[in-house]
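Note sheet for the following structure.
In this chain, residues are counted from 1 in sequence order.
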Amino acid sequence: MIISWNTTNQCNMYCKHCYRDAGAKAEEELNTEEGKALLEEIAKAGFKIMIFSGGEPFMRKDIFELVAHAKQLGLRPVFGTNGSFITADVAKKLKEVGTMGVGISLDSVDAKKHDKLRCYEGAWKEAVEAMKNCKAVGLPFQVHTTVMDWNQGELEDLTDLAVELGAVAHHIFFLVPTGRAVTIEEESLRAEEYESVLTRIMKKQQEVSIELKPTCAPQFMRIAKEMGMDLRFQRGCLAGTSYCIIGPKGRVQPCAYLDMEIGNVRETPFSEIWKNSEVFNKLRTLDYTGGCGSCRYKKSCGGCRARAAFYHEGDYMAEEPWCLYHGRKGVETYGYAR
């Protein structure tokens with residue numbers, strides 16, 4: 001089980017695809033003691049992998065203290081970051097307090113394109129430097145890429161760069177229109193592109209030793225099976241079943257891209273929210289409608305619940321709109337395929 005905590009809304013970048021609309025620090029973000037109590041509740045609920053993200057998590061002054069506490073609780077602390085704060089000294093400190101891995105964003109092999117997406121000059125250079133600093137101290141890192149129409153042709157080259165830099169994995173996130181990403185929705189992939197890119201990723205996986213993992217594109221589980229591949233993953237979409245996210249002020253939602261509050265840890269202990277939430281329990285039924293409901297792969301795939309909600313007026317149990325598999329059975333008539 002894996003969980004993400006947006007430790008702060010504060011960020012030094014202004015990425016066009018940010019699901020949090022991060023930038024300024026939010027008022028009344030969870031303080032250090034509240035954060036430690038939250039970590040204790042997370043461990044109590046049975047989670048194992050603890051993702052510290054943001055905003056930019058390294059803009060919290062107590063981040064190392066929080067990581068050390070998570071480690072003491074038996075959690076596996078990892079990070080999602082833009083990398084700009086990971087100097088050689090920070091990488092060393094992360095290793096010392098028990099960090100198990102760092103995910104660093106890199107969206108293009110072209111530094112100018114990456115910097116443009118993140119509205120920050122030097123973002124690409126700083127991300128690559130952060131990776132080198134992690135490698136120097138033996139801290140495992142992985143490359144995170146958000147794929148859109150304009151960079152989909154670079155994915156194999158980005159994987160090769162990840163291998164060259166010493167990454168243990170390349171995780172590829174498919175754009176979901178939420179937060180600021182709503183303004184660039186037209187840059188997201190549609191059915192045919194979606195299927196083609198996932199197939200390319202799985203083919204590339206057969207050529208490299210590092211792990212390639214599509215995220216918010218659960219159909220990769222079907223494609224891998226059709227290609228005879230045996231992956232370590234058990235399911236595509238984890239929202240509400242073995243994953244959720246907590247915002248800077250304690251707001252709980254099923255995933256980063258499914259923007260709905262189902263509780264707040266300041267009002268109800270997280271372990272109780274995880275166990276008793278009506279939304280979580282509904283997601284666990286897998287009682288989807290449309291193509292996802294009748295799909296033979298619904299247990300291993302599940303469709304993207306966030307994308308389903310966005311394109312079906314908030315119905316998170318509806319069918320995934322950009323799936324070519326059930327598209328062959330008529331979804332084109334709804335105008336989804338491009």
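Rounding to the nearest 0.5 Å places NZ of K113 at 5.0 Å from OG of S108. Between the CD1 atom in I246 and the NZ atom in K249 there is a gap of 15.5 Å [rounded to 0.5 Å]. Between S4 atom OG and I49 atom CD1 the span is 11.5 Å, to the nearest 0.5 Å. Note that NZ of K282 is 6.0 Å distant from CE of M317, once rounded to the nearest 0.5 Å. Note that the CG atom of D160 and the CD atom of E154 stand 12.0 Å from one another [nearest 0.5 Å]. To the nearest 0.5 Å, atom SG of residue C18 and atom CG of residue L117 are 10.5 Å apart.
When each of V147, L189, I184 is checked for a side chain to side chain contact (heavy atoms under 4.5 Å, CB included) with L175, only I184 meets the rule.
By the 6.0 Å and 45° rule, R20 does not stack over the aromatic ring of W5. Judged by a 6.0 Å distance limit and a 45° cone about the ring axis, K213 is positioned over the six-membered ring of F233.
A pairwise comparison of heavy atoms in W274 and T241 identifies CZ2-O, 3.5 Å as the closest pair. Among all heavy-atom pairs drawn from L198 and P214, the shortest one is CD2-CB, 3.6 Å. Between P218 and G303, the shortest heavy-atom contact is CG-C, 3.4 Å. Minimum interatomic distance between V168 and P140 (heavy atoms only, all atoms of both residues): CG1-CB, 4.2 Å. What you find for L238 and R235 is that their closest heavy atoms are CD2-O, 3.8 Å. Contact record, G83 with A130: O-CB, 3.2 Å, taken as the closest heavy-atom pair.
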| request: Go through the steps to decide whether M260 and I262 satisfy the test side chain to side chain contact (heavy atoms under 4.5 Å, CB included), and finish with yes or no. | output: CA-CA 6 Å; M260 56 186 300; I262 57 175; 4.3 Å; yes
| query | Between F47 and F270, is a ring pair (Phe, Tyr, Trp, His ring centres under 6.0 Å) present by the stated rule, with each step listed? | reply | CA-CA 11 Å; F47 285 84; F270 171 74; 5.7 Å; yes
| task | Check the pair E56, T8 against side chain to side chain contact (heavy atoms under 4.5 Å, CB included), reporting the backbone distance first and the verdict last. | result | CA-CA 7 Å; E56 175 47 54; T8 180; 5.8 Å; no
| Check against side chain to side chain contact (heavy atoms under 4.5 Å, CB included), W322 and Y311 | CA-CA 10 Å; W322 303 145; Y311 292 101; 3.6 Å; yes
| said: Does D110 form a side-chain hydrogen bond (donor to acceptor under 3.5 Å, both in side chains) with N151? I'd like the steps, not just the answer. | reply: CA-CA 10 Å; D110 184 326; N151 68 348; over 6 Å; no
| request: Give the intermediate values and the outcome of side chain to side chain contact (heavy atoms under 4.5 Å, CB included) for residues L106 and L161. | output: CA-CA 10 Å; L106 202 65; L161 179 58; 3.7 Å; yes
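Between M202 and I223, some side-chain heavy-atom pair lies under the 4.5 Å cut-off. In this structure, the side chains of K299 and L286 come closer than 4.5 Å at one or more pairs of heavy atoms. Contact of the V252 side chain with the F280 side chain is registered, since non-hydrogen atoms from C-beta on lie closer than 4.5 Å. In this structure, the side chains of K16 and E187 stay at 4.5 Å or more apart for every pair of heavy atoms. Inter-residue side-chain proximity for Q142 and H170 is flagged as unmet; no heavy-atom pair is nearer than 4.5 Å. Residues P269 and K275 have side chains not in contact (no heavy-atom distance under 4.5 Å, counting atoms from C-beta outward). A 4.5 Å side-chain heavy-atom check between K48 and L75 finds every atom pair outside the cut-off. When side chains are defined from C-beta on, D315 counts as touching T289, because their heavy atoms get closer than 4.5 Å.
A salt bridge links E320 to R307: at least one charged side-chain nitrogen sits closer than 4.0 Å to a carboxylate oxygen. Salt bridge present: R60 and D62 bring a charged side-chain N and a carboxylate O closer than 4.0 Å. Using a cut-off of 4.0 Å between Lys/Arg side-chain N and Asp/Glu carboxylate O, R118 and D107 are scored as salt-bridged. Comment: E195 engages R222 in a salt bridge, judged by a side-chain N to carboxylate O separation of less than 4.0 angstrom. The pair E185-R180 fails the salt-bridge criterion, with no side-chain N (NZ, NE, NH1 or NH2) lying under 4.0 Å from an Asp/Glu carboxylate O.
H312 and E319 form no side-chain donor-acceptor contact under 3.5 Å, judged by distance and modelled atom types alone. For Y19 and N6, the side-chain atoms include at least one donor-acceptor pair closer than 3.5 Å. For the residue pair Y120 and E126, a side-chain donor N or O sits within less than 3.5 Å of a side-chain acceptor on the partner. At a cut-off of 3.5 Å, with distance as the only test, no side-chain donor of N133 or T87 sits close to an acceptor on the other residue.
Contacts classified as ring-ring contact (aromatic ring centres under 6.0 Å, His included) and involving residues 53-74 (residues at least two apart or in different chains) are given here: F58-F79.
Below 30°, between 30° and 60°, or above 60°: for F174 and Y194 the angle between ring planes is above 60°, a perpendicular geometry. Between H171 and H144, the ring planes lie parallel to each other; the angle is under 30°, not in the 30° to 60° tilted range.
With sequence neighbours excluded, the residues that form a side-chain hydrogen bond (donor to acceptor under 3.5 Å, both in side chains) with E65 are K36. With sequence neighbours left out, E156 forms a side-chain contact (heavy atoms from CB on, under 4.5 Å) with R200, K204. Checked against salt bridge (Lys or Arg N to Asp or Glu O under 4.0 Å), D259 has the following partners two or more places apart in sequence or in another chain: R251. Y243 is linked by a side-chain hydrogen bond (donor to acceptor under 3.5 Å, both in side chains) to nothing, counting only residues two or more places apart in sequence or in another chain.
Atom CD of E121 has 12 or fewer heavy atoms from other residues, nucleotides or ligands within 6.0 Å. Counting heavy-atom neighbours within 6.0 Å of K298 NZ, excluding the residue itself, gives a total above 12.
Between the side chain of R305 and the backbone N or O of Y316 there is at least one donor-acceptor pair closer than 3.5 Å. Panel note: side chain N82, backbone A123; no donor-acceptor pair is recorded below 3.5 Å. In this structure a side-chain-to-backbone donor-acceptor pair under 3.5 Å is missing from T81 to I104. The backbone N or O of S271 sits less than 3.5 Å from a side-chain atom of E41, completing a donor-acceptor pair. Side chain of N9 to backbone of K25: no donor-acceptor contact under 3.5 angstrom is found. Counting only distance, with no hydrogens or angles, the side chain of Q205 and the backbone of L212 share a donor-acceptor pair below 3.5 Å. Remark: the backbone N or O of M148 is not paired with any side-chain donor or acceptor of E193 at under 3.5 angstrom.
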Expected list for residues 90-102: side-chain donor-acceptor pairs under 3.5 angstrom, two or more places apart:
residue	atom	partner	partner atom	Å
K95	NZ	G138	O	2.9
T99	OG1	L94	O	3.0

